[in-house]
Amino acid sequence: MATAIHLSDAEQAAALIMSLDKAQAAAIMRALPPADVHRLAAVMSGMDAPSSAEFHQVLTRFHSDVKTFSGVKPSAGDAVLSLLEEALGSERANLLSDRLALHGQSRHISKLKWLESNTIVDIIQREHPQIQAVVIACLDARQGSEVLLAFEGSRRLDLLARLAGLKSLTPAALEELDWLLEQYFSQVGRPLGRTMTGDSLAAALLNEMDVGSESNLLNGLRATQPEHAARVEELMFGFAQIGNMAEQDAALLVKQLSPEILAPALAESGAQLRRKFLNVLSAEQKQAVTALSRRYTQAESVAAQVEIVKIAKQMAAVGEIILDARKIDVF
């Protein structure tokens with residue numbers, strides 16, 4: 001099957017959705033998991049219109065995927081009970097439907113999936129450990145693991161033990177949790193999304209400036225608040241900023257990268273950045289990366305990109321490369 005050479009999976013999905021009318025696109029977005037909605041929205045806001053050749057490849061892949069994957073959509077409510085009765089018999093079906101009802105009775109627990117993990121931690125950090133364990137039990141595995149790891153060592157182990165000991169989520173426990181969440185959501189002005197720190201905001205602003213303005217402001221910050229300046233400089237270079245590297249420096253960087261790191265990192269990089277990498281990869285590297293191409297999870301791609309940034313910073317620290325080509329002639 002031909003795949004779009006310069007578009008990531010997320011960009012292909014975004015291109016397809018953006019080609020639909022507003023009502024159709026909205027219907028698709030409503031059916032997606034929250035994490036995918038956030039991811040697609042970020043991609044849509046920053047991507048250029050695909051070329052006709054790229055969009056043709058997107059449609060070709062979509063047509064192939066439609067034939068490959070089932071279009072069966074999970075039902076809800078009475079339809080689920082009917083399906084369970086047919087498959088398991090009425091007695092076992094009623095038992096399972098009672099358990100499903102426990103998870104569906106809350107007005108607020110379902111909202112947890114839309115929150116960033118650090119926001120969930122903020123909600124529950126002062127609650128009893130058993131309530132914290134119940135909250136984690138209501139999350140999907142990815143969210144739950146992030147929340148669990150946000151606690152310090154001894155509390156983390158305690159919560160894991162409580163989770164392992166949970167037999168069921170009783171109506172009383174869910175009611176108490178629902179009340180807690182209602183108190184939180186009723187507080188006007190509380191942030192529900194990702195927390196933007198001052199350092200990260202400053203780094204984002206500086207990355208959008210011309211090099212002269214950036215250097216002047218950063219030098220001033222170094223003189224007045226060196227600790228903040230160090231943190232801002234650390235945050236200023238991320239995977240996307242590799243696009244600012246000179247081609248010869250990018251070539252030196254990729255020589256240090258294994259195909260096992262490059263393949264997942266490129267799977268979720270933007271089209272422009274992917275072209276930059278492809279331009280400096282050797283024929284052997286391209287072949288190896290192509291052989292490893294598959295649908296990587298977002299976590300796998302992010303981990304690979306973080307590793308590439310780490311290697312780039314290490315090389316820059318010893319003078320092997322310059323991270324930002326705009327600064328080569330700035331003294």
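Worth saying up front: this structure is predicted, and the values here are computed from it rather than measured. Residue numbers start at 1 and run along the sequence shown.
- Closest heavy-atom contact between Ala265 and Ile308: CB-CD1, 3.5 Å.
- Here the shortest heavy-atom pairing between Pro259 and Pro264 reads O-CD, 4.3 Å.
- Leu32 and Val43 fall within a single hydrophobic cluster, where Ile, Leu, Val, Met, Phe, Trp and Tyr are joined by side-chain heavy atoms under 4.5 Å apart, directly or via other members.
- Rounding to the nearest 0.5 Å gives a distance of 6.0 Å between CG of Leu266 and CZ of Phe239.
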Evaluation steps, side-chain contact (heavy atoms from CB on, under 4.5 Å), between Leu148 and Gln143: CA-CA 9 Å; Leu148 182 64; Gln143 261 188 321; over 6 Å; no
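- Among residue pairs with one or both ends in residues 157-166, those qualifying as salt bridge (Lys or Arg N to Asp or Glu O under 4.0 Å) are Asp158-Arg162; sequence neighbours excluded.
- Between Val309 and Gly238, the shortest heavy-atom contact is CG2-C, 3.6 Å.
- Distance check: Ile123 CD1 to Asn118 CG gives 10.0 Å after rounding to the nearest 0.5 Å.
- Taking 4.5 Å as the limit, every side-chain heavy atom of Gln132 sits out of range of all side-chain heavy atoms of Leu163.
- Applying the side-chain hydrogen bond (donor to acceptor under 3.5 Å, both in side chains) rule to Glu152 yields the partners Ser154; only residues at least two apart in sequence or on another chain are considered.
- Applying the salt bridge (Lys or Arg N to Asp or Glu O under 4.0 Å) rule to Arg142 yields the partners Glu146; only residues at least two apart in sequence or on another chain are considered.
- To the nearest 0.5 angstrom, Leu40 atom CG is 5.0 Å from Ile17 atom CD1.
- Each salt bridge (Lys or Arg N to Asp or Glu O under 4.0 Å) pair with one or both residues in residues 298-313, not counting sequence neighbours, appears once here: Arg294-Glu300.
- The other members of the hydrophobic cluster of Val306, by chain and number, are Val302 (side-chain heavy atoms under 4.5 Å, ILVMFWY only).
- For Arg222, the side-chain hydrogen bond (donor to acceptor under 3.5 Å, both in side chains) partners two or more places apart in sequence, or in a different chain, are Asn219, Glu233.
- For Gln287, the CD atom counts as loosely surrounded, since its 6.0 Å shell holds 12 or fewer non-hydrogen atoms of other residues, nucleotides or ligands.
- Taking OG from Ser117 and CG from Leu149, the interatomic distance works out to 9.5 Å, rounded to the nearest 0.5 Å.
- In terms of the side-chain hydrogen bond (donor to acceptor under 3.5 Å, both in side chains) criterion, Gln314 has no residue partners (sequence neighbours excluded).
- Residues Leu16 and Ile28 form no side-chain contact, since every pair of their non-hydrogen atoms from C-beta on lies 4.5 Å or further apart.
- Hydrophobic clustering, with ILVMFWY side chains joined whenever heavy atoms are under 4.5 angstrom apart, groups Leu20 together with Met18.
- Between His228 and Gln225, the shortest heavy-atom distance links the atoms CD2-OE1, 2.7 Å.
- Rounding to the nearest 0.5 Å gives a distance of 5.0 Å between CG of Leu257 and CG of Leu262.
- Val135 approaches Leu139 most closely through the heavy-atom pair O-CG, 3.3 Å.
- Grouping Ile, Leu, Val, Met, Phe, Trp and Tyr residues whose side-chain heavy atoms lie under 4.5 Å apart, directly or via other members, places Leu292 in a hydrophobic cluster with Tyr296.
- A single hydrophobic cluster is seen to contain both Leu160 and Ile124, as judged by linkage of ILVMFWY side chains at heavy-atom distances under 4.5 Å, directly or through other members.
- Qualifying side-chain hydrogen bond (donor to acceptor under 3.5 Å, both in side chains) partners for Gln125, counting only residues two or more places apart in sequence or in other chains: Asp122.
- Annotation: the span from Thr60 atom OG1 to Gln12 atom CD amounts to 10.5 Å, rounded to 0.5 Å.
- Listed by chain and number, the residues in a side-chain contact (heavy atoms from CB on, under 4.5 Å) with Gln256 are Ile311, Met315 (sequence neighbours excluded).
- Between Met245 and Ala250 the shortest heavy-atom distance is CE-N, 3.8 Å.
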Given Met29 and Gln24, is the side-chain contact (heavy atoms from CB on, under 4.5 Å) satisfied, shown in steps? CA-CA 9 Å; Met29 296 289 276; Gln24 291 174 319; over 6 Å; no
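- Partner of Ile242 under the side-chain contact (heavy atoms from CB on, under 4.5 Å) criterion, chosen from Leu273, Asp249, Val254: Leu273.
- Scored by the salt bridge (Lys or Arg N to Asp or Glu O under 4.0 Å) test, Glu320 finds no partners at all (sequence neighbours excluded).
- Every residue two or more places apart in sequence or in another chain that forms a side-chain contact (heavy atoms from CB on, under 4.5 Å) with Ala312 is listed here: Phe237, Leu253, Ile321, Leu323.
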